[in-house]
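Here's the structure we're looking at; comments come further down.
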There are 2 protein chains.
Amino acid sequence: MNILEKIANELDTFSKSERKVADVILSSPGTVIHASIAALAKQANISEPTVNRFCRRLDTKGYPDFKLHLAQSLANGTPYVNRHVDENDSAEEYTTKIFESTMANLELARKSLDTSTINRSVDILTQANKISFFGLGASAVVAHDALNKFFRFNVPVVYFDDILMQRMSAINSRQGDVVVIISHTGRTKSLVEVASLAKENDATVIGITTEGSPLAKECNMVLSIDVAEDTDLYMPMSSRIAQLTLIDILATGFTLRRGTKFRDNLKKVKDSLRSSRFERKE
Amino acid sequence: MNILEKIANELDTFSKSERKVADVILSSPGTVIHASIAALAKQANISEPTVNRFCRRLDTKGYPDFKLHLAQSLANGTPYVNRHVDENDSAEEYTTKIFESTMANLELARKSLDTSTINRSVDILTQANKISFFGLGASAVVAHDALNKFFRFNVPVVYFDDILMQRMSAINSRQGDVVVIISHTGRTKSLVEVASLAKENDATVIGITTEGSPLAKECNMVLSIDVAEDTDLYMPMSSRIAQLTLIDILATGFTLRRGTKFRDNLKKVKDSLRSSRFERKE
DNA sequence: GAACTTTTTGTAATTTTATTACATAATACA
DNA sequence: TGTATTATGTAATAAAATTACAAAAAGTTC
């Protein structure tokens, strides 16, 4: 992967002249990235085409491409990876690990999301007479957040994290209503039932859940997020962050779809909160 | 430092044509590092010298040097840049932008968090007789999430998103109780009052808020998160994700501090949920 | 709103840089 | 030692980037 390591590894497979180039590069890679092929050739006391051939041997397209790889190696990139928190981690260590895992999972979630489904979901939401967000446990938090976001849009919106209320609400739904059900696993019985009830009563059911799950089967539309759930501590962490980001996306799509005039309304909502706050002095 | 961030920051200082180049680069930096100046110019619909001038404006020696910087930025772990959603963005575009902004802000949040304060907060939480989480609006979601997490620890924990309940709870607090108040701005009057009340009644008050805010001044300990809040749509998005990640961190720190035996308890809680779910067939 | 200045942008020429094609040298092997 | 193979360099060519200059656009001033 890292081209500097690669050079070091393959040092003995190089020819005499290639070896000279390798030595120069390894001894001061920082200089090389700013040098032209001529300069490097001169420093290694070999010809320019030899440098070029050296680059190709390392699976790069040529000298400029090689420099690019070198620059990346030098940047000592530590990409975000899902690292599990360890028993003996210090506060600094687990903080870093959790942040990095969260970011790695967001990256995964982004890749797994289908934008055309998002687009259609936004379509449906903008045309809804009433929007309901249901979730339980950790997913209740996501539903709660969705309420906060959509509430500002001046659209009839409700949120329930109580099984009975969810059921009653689902039974009372009608054509034109949209029910968004959030469940990471998609295997929570009561939520699957709620989805089924809502559908029977002609509501459009959007599931934020895992593809192919029992819940997904009951939904008209499924927004599936694949994340490697960190089950170490028996708490769903990353899936919830990804779901919240998805809510942001849906809310954003909603406002964009509703156009400029609509966004003035958001400003009004925001302004109305002003009196409850201490003024910022600046 | 990071040239991608630099471009994103200086976006409004660019001229019309330079802006075009910037947009192309930001939308697919990975492609640009393999493109010639001619290819990039063509893609941005501007002339080659304009690209060159653009590179120089960013304090690079020219286009190849710019590509080097870009390559390093990309390798540096964070290709994520805070980009604002635009009026005419497609679903794909705003999805990408929101994910990337979220990730960029998590990165920022991580840098701004002080691990020694986290460590002390975990100390305080593990020793608490009772933990209360208070928030309003978007921050209520975070408090709600905190409840979900800490509830599993078999510790007396409450959460209120209602001003009156928060006040009453604060007044009834006593030595050994910990009150965690969440507010991005730290300028919500009622929450500042609640903090003050809790402190008067000998509770330890931890604020998840902005440093130096009115709320921060009332707290015994402040966990401050600096994020560039995306106020485009008048909804706090990134701060909330960062706060939730902080809750994850506190909860993780909590379990680690409590030791192995304690974690068995978490498993019990998890197992107790099993009967409410459809079994996974695999 | 016309005349001027400043800034921005593009065209074409030039220079720099990298690559190719070919020739020569070195090495390996029978 | 002669031949095949590989390695390397020279010179030509191609590609890429930069410069110099001119035209266009945007601001300013009266």
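Chain identifiers are assigned alphabetically (A, B, ...) following the order of the sequence lines, protein sequences preceding nucleic acid strands; residue numbering begins at 1 within each chain.
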Go through residues 48-64 of chain B and report each residue with a non-hydrogen atom lying under 4.0 Å from DNA chain C, sorted by number. B:Pro49, B:Thr50, B:Arg53
What residues 36-45 of chain B contributes to the DNA chain C interface at heavy-atom separation below 4.0 Å is none
Point-to-point distance, once rounded to the nearest 0.5 Å, from [atom1] of [X] to [atom2] of [Y]:
X: B:Thr102; Y: B:Lys97; atom1: OG1; atom2: NZ; value: 13.5 Å
X: A:Gln243; Y: A:Asp145; atom1: CD; atom2: CG; value: 11.0 Å
X: B:Ile241; Y: A:Leu244; atom1: CD1; atom2: CG; value: 5.0 Å
X: A:Lys149; Y: A:Ile247; atom1: NZ; atom2: CD1; value: 8.5 Å

Below 4.5 Å, heavy atoms only, C-beta onward: do [X] and [Y] meet side chain to side chain?
X: A:Thr252; Y: A:Val122; result: no
X: A:Leu250; Y: A:Ile206; result: no
X: B:Ile249; Y: A:Phe99; result: yes

Side chain B:Asn105, main chain B:Ser101, donor-acceptor under 3.5 Å: yes
Closer than 3.5 angstrom, by distance alone: can the side chain of A:Lys130 be matched with the main-chain N or O of A:Val157 as a donor-acceptor pair? no
Might you list the N or O atoms of the protein lying below 3.5 Å from N or O atoms in nucleotides 25-29 of chain C, with each pair's distance?
| residue | atom | partner | partner atom | Å |
| --- | --- | --- | --- | --- |
| C:dT27 | OP1 | A:Lys16 | NZ | 2.8 |

Under the criterion salt bridge (charged side-chain N to carboxylate O under 4.0 Å, His left out), I'd like the reasoning laid out for A:Glu107 against A:Arg110: C-alpha separation, chi angles, the key distance, then a yes or no. CA-CA 5 Å; A:Glu107 181 67 54; A:Arg110 173 172 64 159; 2.8 Å; yes
Of all residues at least two apart in sequence or in a different chain, which pass the side chain to side chain contact (heavy atoms under 4.5 Å, CB included) check with B:Ala216? B:Thr209, B:Ser213, B:Val222
In whole Å, I'd like the distance from the CD atom of B:Glu18 to the P atom of C:dT9. 6 Å
Under the ring pair (Phe, Tyr, Trp, His ring centres under 6.0 Å) rule, collect the residues that match up with A:Tyr159, sequence neighbours excluded. A:His144
Contact interval (first through last nucleotide) of DNA chain D with protein chain B, 4.0 Å heavy-atom: D:dA17 to D:dA26
